[in-house]
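So the structure is just underneath, and the comments pick up after that.
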Amino acid sequence: CMHMRWLGLQPITPLSKASSYRLPFAQFWMPLIADVAKKVAPHHRLLTLSAYVAALIAVTVFPSFDRRTEIEEHGLVPGYASTGFVGDWTMILRSTISKIEKEPDLHVALNQALQNAELETHHMNFTVSGGSQRSSVVYAAVPSSRGDSREAVVLVIAANWTTSKKVTARAAMGLGVGVVLAQYLKAVHWLSKDVLLVFVDGSLPYGAGARAWLRAYFGGFTAVRRGVLRQAVVLDVVSGATTLLCDVEGINGAVPNQDVVNAFMVVAQEQINLPAFHRDAWESVWWHFGNGGVHSSHAALLEYQVPAFTIKGRRKSGRKALDIDSLTRSLEGLIRSLSCNLQQLHHSFNFYFFTGTNSHVSSGLYLYPVFAMQLPLLSFLMTMSTYKDIQALLVGLGVIGVTIFASGSPTFILATKSGLTSWLSATVG
């Protein structure tokens, strides 16, 4: 007993003869907590305001807490293999782009290029939301030599489909890369996933072309289906582009699994040396704030839980034009990486901001200061006279939450624990 009193434990004599000990919580800690609360309570507004200022400072400098990006899904292994898009394929690519540039009608040029590439294509007409404009989607499936057509990668080629020779010449680069790359993928032996090639009008609002195709695909109305859409990439480049922007921002803060973007950056920068960049961290914040990705084609894919981003060509003065062979090889390397991984990507980050080509800030850093910024609101709310009137409401909401948790927990546990389900079935049976 002397040793237990020295340790702060006090003997309790229960009704039974068994002896037990407990910490003197009621005798020591409760009075201490009450004294601290009495001293802090008069200054709660100053303390919460200080927490707000500290959190605000932390948020303003959050890009400084970035860290290096990594490929979390080791099955992707980007950049490990040599490219096969060399020799005659580069000549075919230039010839295809040249033929597209000479045709004033983009639709005719695209159909002719797909026909020359011996790709079985399908057309789908649709009406843009509101019924004010009609458009179409052209798509084809590239079968894999090693797959079983249960999973697929989507390659979307977005271009301006306005009928004009000047517009066709600008779009020739992206269209030619998409057609010839699909033709090349038909001949490779390493492809383990089917590739769905989709050509859409990128000038339509809200990514209407990609949305129409996705509705038809998941609704079972497309001419071809290739199982689960695992990942996707959108190519939106024009002739004369000098740099590449990895556009990852979707609608309402949605971004793709970071491994998809990182895999492309490894192939593009480290293996092929392409000038590929991300938006600045604060530019990305404002882009999210203004829902800047609402009109992008990859935003529609993100809404269907398909990790996707757009490779967007940009023109900058003082830089030479992109090498079309290198651009095609970068897409080849990305598709090869995605083809290696036969599952949904789930290891990497799904909420983040890029601060550089090889660095990012995850949600674990910038969310906690935001929570601390809510403390003044809580402090002022709990000291207002009207707070007493909403106590009953809060109690009611709490009861509802507890009821939902108690009633939903058994179903959730049974749905996620297959072993428990099997045991219950065997026991009851």
Side-chain angles (χ1 to χ4, degrees), residues 71 73-89 92-93 96 113-122 124 137-157 175-200 210 213-214 216-218 220 222-235 256-257 259-261 263-264 266-268 271 298 301 304-309 311 327-346:
I71 303 293
E73 183 57 68
H74 300 297
L76 294 175
V77 287
Y80 80 100
S82 301
T83 179
F85 195 87
V86 294
D88 292 340
W89 287 110
I92 294 173
L93 175 59
T96 302
L114 291 169
Q115 184 178 354
N116 294 338
E118 299 181 352
L119 293 171
E120 183 180 352
T121 59
H122 307 274
M124 186 188 75
V137 173
V138 180
Y139 60 98
V142 180
S144 60
S145 59
R146 303 174 61 186
D148 55 5
S149 296
R150 294 185 180 184
E151 297 183 350
V153 175
V154 183
L155 174 60
V156 180
I157 308 298
L175 298 178
V177 168
V179 171
V180 177
L181 181 60
Q183 185 180 4
Y184 165 76
L185 291 175
K186 287 176 58 180
V188 300
H189 65 279
W190 45 259
L191 195 61
S192 298
K193 290 181 183 178
D194 292 353
V195 178
L196 293 171
L197 181 66
V198 185
F199 295 89
V200 301
W213 182 81
L214 286 168
Y217 186 86
F218 286 102
T222 52
V224 293
R225 284 184 58 83
R226 289 297 184 268
V228 181
L229 305 183
R230 287 303 190 190
Q231 297 91 28
V233 59
V234 181
L235 179 65
N257 184 281
D259 275 344
V260 179
V261 189
F264 174 75
V266 169
V267 174
Q271 187 179 24
H298 72 268
L301 290 153
Y304 281 86
Q305 305 302 313
V306 180
F309 70 102
I311 303 172
L327 175 62
T328 309
R329 293 186 188 111
S330 67
L331 289 172
E332 175 203 359
L334 175 62
I335 292 175
R336 186 162 190 169
S337 295
L338 300 179
S339 175
C340 292
N341 187 62
L342 300 179
Q343 61 176 341
Q344 183 70 290
L345 297 176
H346 58 275

Original post:
For the residue pair Tyr184 and Phe85, does the interplanar ring angle fall in the parallel (under 30°), tilted (30 to 60°) or perpendicular (over 60°) class?
Top reply: perpendicular
**OP:** Could you tell me whether a side-chain N or O of Thr328 sits under 3.5 Å from a main-chain N or O of Val177, the two making a donor and an acceptor?
**Re:** no
**OP:** Please check if the side chain of Ser337 supplies one atom and the backbone of Gly333 the other of a donor-acceptor pair under 3.5 Å.
**Re:** yes
Subject >> Under 3.5 Å: donor-acceptor pair, side chain of Lys186, backbone of Glu118 >> reply: yes
Original post:
Of all residues at least two apart in sequence or in a different chain, which pass the salt bridge (charged side-chain N to carboxylate O under 4.0 Å, His left out) check with Arg146?
Top reply: none
Subject >> Any donor-acceptor N/O pair, Glu332 side chain to Gly84 backbone, under 3.5 Å >> reply: yes
**OP:** Verify, without hydrogens or angle tests, whether Asp194 (side chain) and Arg226 (backbone) share a donor-acceptor contact under 3.5 angstrom.
**Re:** no
Original post:
If only atom types and distance count, is the side chain of Lys193 paired as donor or acceptor with the main-chain N or O of Ile335 below 3.5 Å?
Top reply: no
**OP:** Report yes or no: does Tyr139 contribute a side-chain atom to a donor-acceptor pair with the main-chain N or O of Ala223 at less than 3.5 Å?
**Re:** yes
**OP:** Look up atom CG in Asn116 and atom CD in Gln183, then write down how far apart they are to the nearest 0.5 Å.
**Re:** 8.5 Å
Subject >> Residues, nucleotides or ligands: over 12 heavy atoms within 6.0 Å of Glu120 CD >> reply: no
Subject >> For Leu93 against Gly176, the heavy-atom pair lying closest together >> reply: CD1-O, 3.6 Å
Original post:
What heavy-atom pair brings Val179 and Leu119 nearest, and what distance separates the two atoms?
Top reply: O-CD1, 4.1 Å
Original post:
Under 3.5 Å, is there a donor-acceptor pair between the side chain of Ser145 and the main chain of His189?
Top reply: yes
